[in-house]
Number of protein chains: 2
Amino acid sequence: MTKVQASEDKDYVQSLVRGLEVIRTFSRYKPRMTLTEVAQQTGMTRAAARRFLLTLVREEYAETDGKYFALRPKVLDLGFAYLSSLPMWEVAQPIMRDVVNVLQESCSLAVLDGLDIVYVARVPTERVMTIGLSIGSRLPAYCSSMGRTLLAGLPPAELAAYYDRVKIERRTERTVTNMVALKDAIETSRRQGWTLVDQELEMGLRSIAAPVKNRRSEVLAALNVSTHEGRTSIETMKTRFLPVLLDAAQRISAAVPQ
Amino acid sequence: MTKVQASEDKDYVQSLVRGLEVIRTFSRYKPRMTLTEVAQQTGMTRAAARRFLLTLVREEYAETDGKYFALRPKVLDLGFAYLSSLPMWEVAQPIMRDVVNVLQESCSLAVLDGLDIVYVARVPTERVMTIGLSIGSRLPAYCSSMGRTLLAGLPPAELAAYYDRVKIERRTERTVTNMVALKDAIETSRRQGWTLVDQELEMGLRSIAAPVKNRRSEVLAALNVSTHEGRTSIETMKTRFLPVLLDAAQRISAAVPQ
DNA sequence: AGCATTTGTTCGTATAACGCACAAGATATC
DNA sequence: GATATCTTGTGCGTTATACGAACAAATGCT
């Protein structure tokens with residue numbers, strides 16, 4: 001059954017979608033834009049972009065100095081609505097801090113969204129990756145420990161759909177790009193209940209992840225610890241990190257309300 | 001000059017605003033809702049709420065199991081658009097981790113939004129407050145160290161407007177609730193360039209904050225370190241924490257692009 | 001000063017979005 | 001299993017929301 005075009009769907013509110021597109025058009029590289037720039041970036045007419053921007057200003061999601069527009073912190077409330085609705089979110093954070101106290105390495109929690117993982121909680125220690133990571137950051141699922149953990153927890157049909165859509169790109173010379181090998185890796189994750197990824201996302205980055213599940217054993221999120229290859233051997237990750245990680249994941253899982 | 005009612009403003013896109021209201025209606029206490037519940041919570045007709053929910057589902061900001069609706073991680077992209085547009089955001093995080101490494105206490109960065117501070121970055125250590133704090137969390141400005149720092153950095157007219165609007169509520173028996181005393185405290189913050197708040201927001205919580213400024217000396221954000229009163233004396237905060245905090249705030253300020 | 005670019009505004013128009021009413025489906029109760 | 005109640009899906013007539021073009025005004029550049 002073909003998907004009806006959004007514009008033909010009588011239950012579709014395109015003004016909402018267009019307004020959200022305006023919000024999303026701001027970024028690190030475009031922290032502030034003029035009206036004309038927003039219209040250009042979003043493909044809207046100047047008049048339409050202007051109405052959305054003025055509406056966002058009026059509702060305090062954005063501000064303007066009369067020429068340039070920028071987002072305001074109220075936009076974070078939208079994301080926070082999502083974070084605070086995650087069942088494990090509140091209980092995960094102290095447990096993650098315990099992990100960091102014991103292992104002295106960064107600990108993160110992520111969920112799967114499309115082809116990516118999205119960070120929903122993070123206790124960072126020393127920087128391991130070249131880019132800063134934070135709540136809201138996205139990374140590809142196929143070459144990250146949390147991503148493979150989450151993929152391993154998908155029902156078979158959804159995992160098959162993922163394989164159909166994903167475009168594997170080599171991120172380092174160690175990235176698994178062969179689909180058969182990737183499927184094997186994910187199947188291994190599923191069987192052993194944890195995942196170790198060594199410098200496939202970025203050289204130097206090693207991380208190990210375990211699933212957070214609900215009472216029906218559905219994988220809700222993945223918890224990881226990440227380190228630098230110069231600091232921690234694979235063997236140490238398995239012998240020292242893994243028990244702490246599995247215990248933490250289990251404690252978070254146990255605390256998820258029904 | 002009176003403010004025109006939104007509904008009379010021809011440049012106002014109320015479908016966008018209503019859609020954002022639907023997103024905001026989800027929370028820790030209502031992580032998933034039926035159509036009827038969303039309509040009741042937002043005051044919309046069932047048909048209108050239904051169109052917004054189906055639009056959010058179609059655009060992958062929300063999901064449904066056929067009866068209950070819940071937000072999806074894509075909503076975090078909206079907040080992330082704001083975070084990534086903050087000039088000091090990228091550089092602040094490694095500096096904050098340095099602070100935590102040295103002091104072994106939580107470090108946070110916040111901005112002022114209305115009467116609240118909003119957390120935009122955080123490196124947590126041991127939990128100090130009873131509620132978990134994260135990016136997107138809000139706290140009142142008048143009784144927090146970062147809040148007073150940010151208030152101290154406001155232009156006089158804006159600070160006066162803040163005093164007119166704020167409703168002071170005693171949070172602990174130590175909360176400064178006298179407006180004269182509060183103004184003195186904020187003036188002291190302004191003069192000395194840092195702020196220490198001791199158990200006014202919550203018993204046991206001590207925190208010290210310093211401003212992050214741009215090249216024009218405008219206060220953009222506040223950086224803090226927080227601890228528990230049982231763990232750290234006021235004297236130690238001044239002699240050990242403050243130099244590290246001021247240095248970190250200075251480094252972040254220096255790294256803010258023009 | 002002149003020209004180019006951007007922004008503000010008006011206004012006629014189209015249709016997006018509305019809400020009501022009823023049908024259909026789901027759930028609870030007996 | 002039947003009935004009552006509640007919730008959701010849908011159609012449709014209507015309205016007013018949102019649209020974009022065109023032109024004026026403001027700003028910026030040379």
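Naming: A, B, ... by sequence-line order, numbering from 1 per chain.
Atoms CD (B:Glu21) and P (C:dA17) sit 17 Å apart, rounded to a whole Å. One can place CG of A:Asp11 at 19 Å from P of C:dT15, the figure rounded to the nearest angstrom. When rounded to the nearest whole Å, the span between OH of B:Tyr68 and P of D:dC6 equals 16 Å. To the nearest angstrom, P of C:dG25 lies 14 Å from CZ of B:Arg50.
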Checking side chain to side chain contact (heavy atoms under 4.5 Å, CB included) for the pair A:Ile186/A:Tyr163: CA distance, chi angles, key distance, verdict?
-> CA-CA 11 Å; A:Ile186 289 168; A:Tyr163 288 135; 3.4 Å; yes
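Although no hydrogens or angles enter the test, the distance criterion places no donor-acceptor pair under 3.5 Å between the side chain of B:Ser134 and the main chain of B:Ser137. Remark: side-chain polar atoms of A:Arg215 are paired, donor with acceptor, to backbone N or O of A:Val256 under 3.5 angstrom.
Nearest heavy-atom pair across A:Glu218 and A:Asn214 is OE1-ND2, 2.7 Å.
Heavy-atom neighbours of A:Lys213 NZ from other residues, nucleotides or ligands within 6.0 Å: at or below the threshold of 12.
Annotation: side chain of B:Arg148 is in contact with side chain of B:Leu182 (closest heavy-atom distance under 4.5 Å).
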Contact string for nucleotides 18-30 of chain D, one letter per nucleotide 5' to 3', B = base within protein heavy-atom range under 4.0 Å, S = sugar-phosphate only, - = neither, reads SBB-B--------
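Note on B:Glu21 versus B:Arg18: no salt bridge recorded, every NZ/NE/NH1/NH2 to OD/OE distance being 4.0 Å or above.
Defining each end axis of the helix from C:dA1-D:dT30 to C:dC30-D:dG1 as the rotation carrying four pairs' C1' atoms onto the next four, with five pairs an end, the two axes are found to diverge by 60° to 10 degrees.
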List the atom pairs, with distances to 0.1 Å, where a side-chain N or O of residues 111-124 of chain A and a protein N or O form a donor-acceptor pair under 3.5 Å, not counting sequence neighbours.
from     : atom 1 : to       : atom 2 : distance (Å)
A:Asp113 : OD1    : B:Arg72  : NH2    : 3.2
A:Asp113 : OD2    : A:Arg138 : NH1    : 3.2
A:Asp113 : OD2    : A:Arg138 : NH2    : 2.6
A:Asp116 : OD2    : A:Arg138 : NH1    : 3.2
A:Arg122 : NE     : A:Leu133 : O      : 3.3
A:Arg122 : NH1    : A:Ser108 : OG     : 2.7

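With sequence neighbours excluded, the residues that form a ring pair (Phe, Tyr, Trp, His ring centres under 6.0 Å) with B:Phe80 are B:Trp89. B:Thr42 pairs by the side chain to side chain contact (heavy atoms under 4.5 Å, CB included) definition with B:Val22, B:Thr25, B:Val38, B:Met44, not counting sequence neighbours.
Of the residues in residues 29-36 of chain B, those placing a heavy atom less than 4.0 Å from an atom of DNA chain D are B:Thr34, B:Leu35, B:Thr36, in numerical order.
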